[in-house]
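Here's the structure, in structure tokens; my notes come after.
Naming: A, B, ... by sequence-line order, numbering from 1 per chain.
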Amino acid sequence: MEKIVCTCGHENAVGTKICGNCGRPLTEEAKSQKVLDMKYDGSAIRSKTYNKSIVDKIWNFFSSVKVGVSLIIITLVVSSFGTIFPQEFYVTAGTDAERALYYQTNYGSIGTLYYNLGLADLYSTWWFQALVGMLGISIIVASIDRGLPLHKSLKNQRVKRHESFMRRQRIIAEGAITKEDTSKTLDKVEEKLKKLNYKVRRDGTALLAEKGRFARYGPYINHLGLITFLVGVMLHQLPGMYVDDSMWIREGETRAIPGMNGYFLENKQFIFETHDNDPTTAQIQQGVNAVAKNYQTDVVLYKQSEDALPGQTDQLEIVKEYSIRVNHPLEHDGFALYQMDFRLNELKAMTFSLTNKETGASLGDVTIDLRNPKKEYVIDEQTKVILVNYFPDFTGFNDKGEPQTATPNPNNPAFIFNMITPDTPEGEISFVAIQQTVEGSGTGENLYKMSFKGVDTINMSGLTIRMDKTIPLLVVGAFIFLLGLTIGSYWNHRRVWVELLSDGNIRLAAHTNKNWFGIKKEINVLTEYAHLPQYIDQLDDEDDEKIKKETIE
Amino acid sequence: MSLIDLSGNLLEAAFIAYLIATLLIGGSIKSSKPDGAEKRANKWGYLAIIVTIIGFLAHLGYFITRWIYSGHAPVSNMFEFSTAFGMFLVGAFILMYFMYRVTALGLVALPIALLIIGWAAMFPREVTPLVPSLQSHWLTIHVITAALGQSILAISAVAGLLYLLKAVDPKKKGKERFWLEAVLYFLVVIVGFIAVTSGFKAAGYEAEYSYINKDDQELTIIYNLPPFFGMNESQAITEGAMVPLIEMPAFIHAAKLTTVVWSLLVGTVLYLLIRLITRKRIIEMLNPLATKVNLQLFDEIGYRSVLIGFPVFSLGALVFAMIWAEQAWGRFWGWDPKEVWALITWLFYAAFLHLRLSRGWEGRKSAWLALIGFGIIIFNLVVVNLVIAGLHSYA
Ligand code: HEM
């Protein structure tokens with residue numbers, strides 16, 4: 001490969017801006033700078049060097065910080081669109097049509113537009129995910145592009161730097177020492193800088209002191225953490241990595257846990273408690289009377305014994321008893337069960353009296369278990385009630401006059417009974433729903449009716465079942481990210497070059513990747529201790545000039 | 001005196017201390033004339049820091065006593081969270097003072113803390129019991145760390161504002177002058193909010209209305225300001241209550257809109273009065289206070305506070321939030337508006353840090369970015385909490 005040979009004889013890779021050996025500026029641009037651009041120590045960055053093939057172009061696109069920042073800003077702006085109206089997974093609507101209707105009725109035509117543009121489910125659209133994917137690629141490419149050359153040049157630093165390098169540093173001092181003679185100067189410099197925790201190397205009349213070099217790796221470490229995290233998030237899509245299920249379970253019930261094969265759960269009781277505080281101003285303003293204090297399901301977790309057939313429930317072994325509360329999920333075998341929802345006073349059973357309409361006399365009671373209704377309820381030999389049809393969640397009649405049910409849950413039960421009594425051995429048809437009774441047509445007026453006597457209720461608990469094998473990877477990713485962030489933000493890479501010139505003068509240059517205030521404080525201490533000439537900050541004048549210009553304009 | 005009264009008194013003491021400290025810093029800057037006044041200025045500045053620290057300790061005392069009294073970290077409603085944010089902001093200022101020894105930061109940091117505390121005081125102050133999802137140590141840790149991170153990030157806006165007050169010429173027409181004045185106008189609007197809310201509160205104004213919400217339920221609401229806007233199909237319950245000027249559809253919370261409009265109105269009147277009396281833009285009045293600002297140093301402080309605050313914010317607002325969410329809901333991320341806005345804040349400051357890598361983004365541009373970042377933080381506090389209803393609530 002082609003090389004750039006510096007005056008000092010060192011061979012540098014094409015694209016190098018500052019000679020890796022002596023520090024002479026190599027490009028015209030670098031030569032024209034008053035203060036050298038020390039990014040990546042002037043090493044050859046692939047994306048800044050090659051731009052011919054299509055691969056180069058793609059590489060350069062993703063490694064550009066401008067592109068990276070643009071991707072971040074676009075992601076940020078697009079994300080905010082998703083908070084204008086609620087996302088559809090927070091909307092309780094079962095079908096697409098219902099969701100569309102929700103946005104229309106609540107937010108009018110803007111809502112419809114929002115829904116149709118896909119903004120109601122923005123974060124799972126392909127284009128949002130593509131955006132995040134591009135951000136990820138950009139992080140990887142940019143890190144490799146700059147990280148490797150930076151690492152190489154930091155590893156191979158020579159102590160002695162050319163005057164054209166030193167003089168182009170932001171902090172520079174040159175001149176005679178202010179006291180004593182120069183024989184001790186380098187020793188004193190070394191001593192002081194070592195006290196300040198610098199690592200000092202000497203080469204003849206030159207000295208290089210360096211500290212916090214590891215801080216330069218901070219951004220690369222934090223990018224690695226981000227990528228690890230993103231990979232973890234992507235792994236969610238793989239089958240078997242992630243289980244997200246839910247179940248409703250009534251008190252007293254034992255049910256198989258969906259998604260968690262071979263495990264069963266018994267709900268012993270559901271507890272709902274409220275704070276018995278006096279309503280506060282905020283509560284009154286919002287019309288709320290009591291603040292919830294606890295949602296809790298006392299459960300027993302069972303495991304099917306090894307030799308049981310699938311679905312067999314009589315050979316259950318107790319695994320553990322636990323009280324699932326919000327913030328205190330039941331954890332077992334990588335799975336966790338969360339308290340998510342509840343229904344109090346859920347209908348469990350309804351009791352009716354088979355009553356003679358005229359006399360009011362009852363022939364007997366029928367109790368219907370709303371989850372497990374029987375086909376017929378026999379009162380005595382000649383009297384029985386046949387359940388012809390059952391609509392657990394009755395929503396009305398369709399245009400053919402047929403009753404409809406929305407769900408299999410007994411939210412609003414309705415029944416069609418056939419009542420057989422000694423007086424009506426042929427049977428009488430009656431449609432019964434809460435607060436309405438429609439008698440069968442064709443048979444004329446019924447003699448009997450099913451009069452409502454009462455209901456049994458029960459509490460139901462809604463649990464979520466989660467298993468997420470990606471969590472360890474996410475934890476590792478987050479940890480690496482924070483580690484890199486800490487390293488890169490709370491430490492700085494500081495370097496001080498000092499050279500004793502042949503004319504007896506001293507030249508000092510200093511560089512830090514961040515926190516110039518901090519390094520200047522240290523150089524102040526050093527200057528005083530070793531009687532060095534006062535340094536100048538070359539950007540200070542530049543700034544003043546800039547401001548002067550601005551005020552004159 | 002009960003613990004909660006003591007807590008309230010400590011907060012008031014902190015407020016007064018910050019007020020005094022602000023005046024002291026103002027004095028320390030004003031008195032910098034050549035007649036050996038440099039020394040006097042330093043003395044005043046020194047005094048100001050001591051008063052600030054006393055205020056901060058009182059503020060901390062408020063926080064701790066309220067924590068003990070209520071049994072949970074006082075960061076669970078608007079009053080508590082804002083007050084704590086104000087405290088952390090002052091804490092971050094003190095931290096920066098000890099790093100850079102510049103009192104001038106307090107000239108902006110303290111008034112902003114005062115505004116935040118004043119704003120907080122407009123919300124119900126009782127101790128509220130916690131709903132189950134909030135009963136978690138992780139939540140406490142998450143909220144406190146996130147607020148701490150935000151307050152350090154906010155220091156960059158403090159430095160940025162001072163930078164711009166010096167760098168932008170108030171006599172020269174232009175975009176920068178316009179927007180800088182707009183930022184200060186916005187601060188006056190917050191004063192307007194505090195003035196109008198406490199004014200009507202002192203007068204005992206209260207009017208109750210019934211209305212129909214978007215789920216067709218009939219509810220009631222209490223207005224503490226005369227209603228410009230009525231809730232959907234609102235009916236006065238309080239006798240003789242004023243009829244709202246305009247009725248709003250159900251998806252707009254007309255009572256909150258009324259508050260916003262009142263604040264804007266009073267704020268604008270205040271602003272116009274200031275302009276009429278002083279015959280100056282606010283930035284022109286403040287410009288002399290910023291003359292001693294060393295631009296390069298303030299630029300560095302602005303950058304540095306983002307650098308220090310970003311990891312804290314990442315830890316608190318994202319990592320701890322995810323741990324808590326995982327524990328409470330079984331998912332570490334749910335794209336809830338509050339979460340999304342924390343992500344937006346984080347992305348914004350990430351963009352800020354990357355822009356600083358390229359030349360030309362220091363100085364003014366950076367100062368403007370810092371102000372925008374603070375705008376996002378405030379948006380997160382105010383709009384996301386009050387307008388974009390969070391769906392986190394379990395109750
Ligand atoms: C949200 C995503 C990102 C986060 C949180 C992040 C975080 C960071 C942080 C904290 C730094 C250190 C900055 C400083 O110390 O001033 C940094 C540096 C850097 N980032 Fe990122 N970054 C992200 C995305 C990107 C992207 C998309 C690119 C692609 C161009 C990129 C390229 C760089 C580069 C080139 C550096 C400088 C490295 C150095 O100083 O040696 N970053 N990043």
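Going from atom CG of B:Leu355 over to atom CD1 of A:Ile72 covers 8.5 Å, rounded to the nearest 0.5 Å. The CZ atom of B:Arg304 sits 6.0 Å away from the CG atom of A:Asn492 when rounded to the nearest 0.5 Å. Note that the CG atom of A:Asp244 and the CZ atom of B:Arg331 stand 10.5 Å from one another [nearest 0.5 Å]. Here the CH2-OG distance, from B:Trp341 to A:Ser80, works out to 5.0 Å after rounding to the nearest 0.5 Å. Taking CD1 from A:Ile74 and CG from B:Leu347, the interatomic distance works out to 12.0 Å, rounded to the nearest 0.5 Å. Here A:Lys514 contributes atom NZ and B:Leu353 contributes atom CG; the two are 8.0 Å apart, rounded to the nearest 0.5 Å.
Nearest heavy-atom pair, B:Ala328 versus A:Tyr338, reported as atom, atom and distance to 0.1 Å: O-CD2, 3.9 Å. A:Phe481 and B:Ser314 get closest at one heavy-atom pair: CE2-CB, 3.9 Å. Closest heavy-atom contact between A:Ser79 and B:Val340: O-CG1, 3.5 Å. Residue A:Tyr490 comes nearest to B:Leu307 through the heavy atom pair CE2-O, 4.0 Å, listed as atom of the first residue, atom of the second, then distance. When all heavy atoms are compared, the tightest approach of B:Gln327 to A:Pro329 is O-CD, 3.6 Å. When every heavy atom of B:Trp329 is checked against every heavy atom of A:Met340, the shortest pair comes out as CE3-SD, 4.0 Å.
Remark: aromatic rings of A:Tyr123 and B:Trp333 are distant, center separation not under 6.0 Å.
Applying the ring pair (Phe, Tyr, Trp, His ring centres under 6.0 Å) test to A:His236 and every residue at least two apart in sequence or in another chain returns A:Tyr242, B:Phe332. With sequence neighbours excluded, the residues satisfying salt bridge (Lys or Arg N to Asp or Glu O under 4.0 Å) with A:Arg170 are A:Asp537.
In this structure, A:Phe517 and B:Tyr100 have tilted ring planes: the angle between them lies in the 30° to 60° band.
Using a 4.5 Å cut-off between heavy atoms, B:Leu318 makes no contact with chain A at all. Residue A:Ile324: no heavy atom, backbone or side chain, is found under 4.5 Å from chain B. In this structure, chain B has a heavy atom under 4.5 Å from the side chain of A:Leu474, while its backbone stays farther away. Using a 4.5 Å cut-off between heavy atoms, B:Glu208 does not touch chain A at all. No part of A:Asn222 comes within reach of chain B, as not one of its non-hydrogen atoms sits under 4.5 angstrom from that chain. For B:Met99, the part lying near chain A is the backbone, with the side chain staying farther off; criterion is any non-hydrogen pair under 4.5 Å. A:Phe479 does not touch chain B: none of its heavy atoms, backbone or side chain, sits under 4.5 Å away. Using a 4.5 Å cut-off between heavy atoms, A:Asn106 contacts chain B through both its backbone and its side chain. Residue A:Lys521 touches chain B through its side chain alone, counting heavy-atom pairs closer than 4.5 Å.
Here B:Ile308 is the residue among B:Leu315, B:Ile308, B:Val319 with the most heavy-atom pairs under 4.5 Å with chain A. For chain B, the option among A:Asn515, A:Leu485, A:Val69 with the highest count of heavy-atom pairs below 4.5 Å is A:Asn515.
By the neighbour-count criterion of 12 heavy atoms within 6.0 Å, atom CD1 of A:Ile110 is sparsely surrounded, having that number or fewer from other residues, nucleotides or ligands. A 6.0 Å sphere centred on CZ of B:Phe81 holds more than 12 heavy atoms belonging to other residues, nucleotides or ligands. Within 6.0 Å of atom NZ in B:Lys256, more than 12 heavy atoms from other residues, nucleotides or ligands are found, so the atom counts as buried in its surroundings. Atom CZ of A:Phe272 sits in a crowded spot, with more than 12 heavy atoms from other residues, nucleotides or ligands closer than 6.0 Å.
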| Can A:Asn327 and B:Trp324 be said to form a side chain to side chain contact (heavy atoms under 4.5 Å, CB included), step by step? | CA-CA 8 Å; A:Asn327 278 313; B:Trp324 168 63; 3.4 Å; yes

| query | Could you walk me through whether B:Glu326 and A:Ile471 pass the side chain to side chain contact (heavy atoms under 4.5 Å, CB included) check? | reply | CA-CA 10 Å; B:Glu326 178 70 26; A:Ile471 293 280; 3.8 Å; yes

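At distances below 3.5 Å, not a single donor-acceptor pair connects side-chain atoms of B:Gln135 with backbone N or O atoms of A:Val326.
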